[in-house]
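Presented below is the structure to which this report refers.
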Amino acid sequence: MEDKPKSNLLRLRRKHGDGRALNVTAADGERLVQAQSLRNAVVASLVTLAVFCILWISLSALTNRVFPWMTVVLGAMLGLAIRRAGRGVDWRFPTLAAGMALAGSIASNVVLGASTTADSYDMGILEILQAVTVMTWPVFFDEVWTVAHGFFAVVAAGLAAFLANRRLTRTQFYALRKWRQQSDGHQ
């Protein structure tokens with residue numbers, strides 16, 4: 001006869017591991033922290049914002065409609081781009097993503113407004129943007145920017161912040177926690 005441990009038929013299969021201690025050190029956590037790049041995250045967010053403006057202008061020109069909820073798509077794009085390029089594991093990356101989403105929502109609406117105005121005056125978008133003065137901003141925020149735009153900008157900021165940090169495996173999270181405990185002197 002074999003000496004196999006009896007398995008309980010009513011017990012669920014383990015999905016989280018075999019119960020052994022994880023073989024990670026604080027140095028593994030330090031490598032995760034060293035892999036972060038705020039500069040790459042900023043560059044990726046600026047490129048994403050430019051690509052989004054082009055996509056939004058193209059979609060609006062094709063459909064002859066302006067979709068204010070597209071800024072939520074901007075938030076998702078920014079969050080994923082910052083996650084991929086920045087590889088962040090701390091608070092700076094969600095903060096950057098939320099700030100860029102709010103600023104990008106305003107900037108993309110300004111560029112979209114300039115593109116629709118440029119079409120009606122048979123001018124280029126850059127010519128319209130160069131003609132913007134201090135007197136233009138109150139008109140823009142009175143006539144173009146609505147409560148819906150503000151709501152979607154805040155939703156985009158929340159979504160961008162949620163998606164901005166790197167998703168860690170259980171082992172990576174444990175290594176990062178060990179590194180933080182060691183660097184704080186809690187060992």
Side-chain angles (χ1 to χ4, degrees), residues 26-61 66-116 118 124-134 136-137 140-141 144-146 148-169 171-173 175-180 182-184:
D28 297 326
E30 185 176 6
R31 277 192 290 279
L32 286 172
V33 172
Q34 295 299 323
Q36 299 181 113
S37 175
L38 192 60
R39 180 183 53 85
N40 288 351
V42 169
V43 170
S45 63
L46 292 173
V47 169
T48 301
L49 182 58
V51 168
F52 174 77
C53 285
I54 293 168
L55 290 175
W56 198 10
I57 289 170
S58 301
L59 180 65
S60 295
V66 175
F67 302 106
W69 52 264
M70 284 291 289
T71 54
V72 176
V73 175
L74 170 65
M77 288 173 64
L78 281 171
L80 293 173
I82 289 172
R83 176 195 297 180
R84 180 80 174 171
R87 302 178 56 82
V89 292
D90 61 13
W91 61 271
R92 298 175 298 165
F93 296 90
T95 305
L96 171 69
M100 287 300 290
L102 288 174
S105 296
I106 294 171
S108 61
N109 273 295
V110 167
V111 171
L112 182 64
S115 96
T116 55
I125 296 173
L126 293 177
E127 291 174 296
I128 295 292
L129 289 174
Q130 288 172 345
V132 171
T133 63
V134 176
T136 308
W137 295 115
F140 173 78
F141 284 108
V144 177
W145 189 266
T146 63
H149 289 94
F151 173 76
F152 289 127
V154 170
V155 170
L159 183 61
F162 176 75
L163 294 173
N165 262 352
R166 181 177 177 181
R167 300 294 176 233
L168 300 175
T169 64
T171 306
Q172 289 171 331
F173 182 79
L176 184 63
R177 192 175 90 195
K178 282 183 93 167
W179 179 79
R180 286 180 178 157
Q182 181 184 5
S183 65
D184 289 341

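The residues of the chain are indexed from 1 along the displayed sequence. Fair warning: this is a prediction, and the values are worked out from it, not measured in the lab.
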Phe93 and Ala164: which non-hydrogen atoms are nearest, and at how many Å?
O-CB, 3.6 Å
Mind checking the CG-CE spacing from Leu55 to Met70? Nearest 0.5 Å is all I need.
7.0 Å
Over all atoms of both residues, closest heavy-atom pair of Val72 and Ala156:
CA-CB, 3.9 Å
Looking only at non-hydrogen atoms, find the nearest pair between Ala26 and Gln182 and report the distance.
CB-OE1, 2.6 Å
Are there more than 12 heavy atoms of other residues, nucleotides or ligands under 6.0 Å from atom CZ of Phe151?
no
Are there more than 12 heavy atoms of other residues, nucleotides or ligands under 6.0 Å from atom CZ of Phe173?
no
The criterion is side-chain contact (heavy atoms from CB on, under 4.5 Å); which residues satisfy it with Ala61, sequence neighbours excluded?
none
Hey, could you give me the OG1/CD1 distance between Thr116 and Ile125, rounded to the nearest 0.5 Å?
9.0 Å
Considering all heavy atoms, the nearest Phe67-Trp56 contact
O-CZ2, 3.1 Å
How far apart are the C-alpha atoms of Leu129 and Val110, what are their side-chain angles, what is the distance that settles it, and do they pass the side chain to side chain contact (heavy atoms under 4.5 Å, CB included) test?
CA-CA 9 Å; Leu129 289 174; Val110 167; 3.9 Å; yes
Return a table of donor-acceptor pairs under 3.5 angstrom between the side chains of residues 73-83 and protein atoms on other chains or two or more places apart.
from  : atom 1 : to     : atom 2 : distance (Å)
Arg83 : NE     : Leu163 : O      : 3.0
Arg83 : NE     : Asn165 : O      : 3.4
Arg83 : NH2    : Leu163 : O      : 3.4

Taking all heavy atoms of His149 and all of Thr146, pick out the closest pair and write down the distance.
ND1-OG1, 2.8 Å
So which atom in Ser105 and which in Ala101 form the shortest heavy-atom distance, rounded to 0.1 Å?
OG-O, 2.7 Å
Taking only residues two or more places apart in sequence, or in another chain, which ones meet Arg92 in a side-chain hydrogen bond (donor to acceptor under 3.5 Å, both in side chains)?
Asp90
Does Phe162 have Arg167 sitting over its ring (NZ/CZ under 6.0 Å from centre, angle to axis within 45°)?
yes
To the nearest 0.5 Å, what is the distance between OG on Ser45 and CG on Leu38?
9.0 Å
Gln36 side-chain N/O to Val89 backbone N/O, donor-acceptor pair under 3.5 Å:
yes
With side chains defined as the heavy atoms from C-beta onward, is the minimum distance between Asn109 and Phe141 less than 4.5 Å?
no
Side-chain donor or acceptor of Thr136 paired with backbone N/O of Thr133 under 3.5 Å
yes
Heavy-atom distance under 4.5 Å between the side chains of Ser60 and Leu112, does that happen here?
yes
Close side-chain approach of Met100 and Leu46, heavy atoms under 4.5 Å
yes
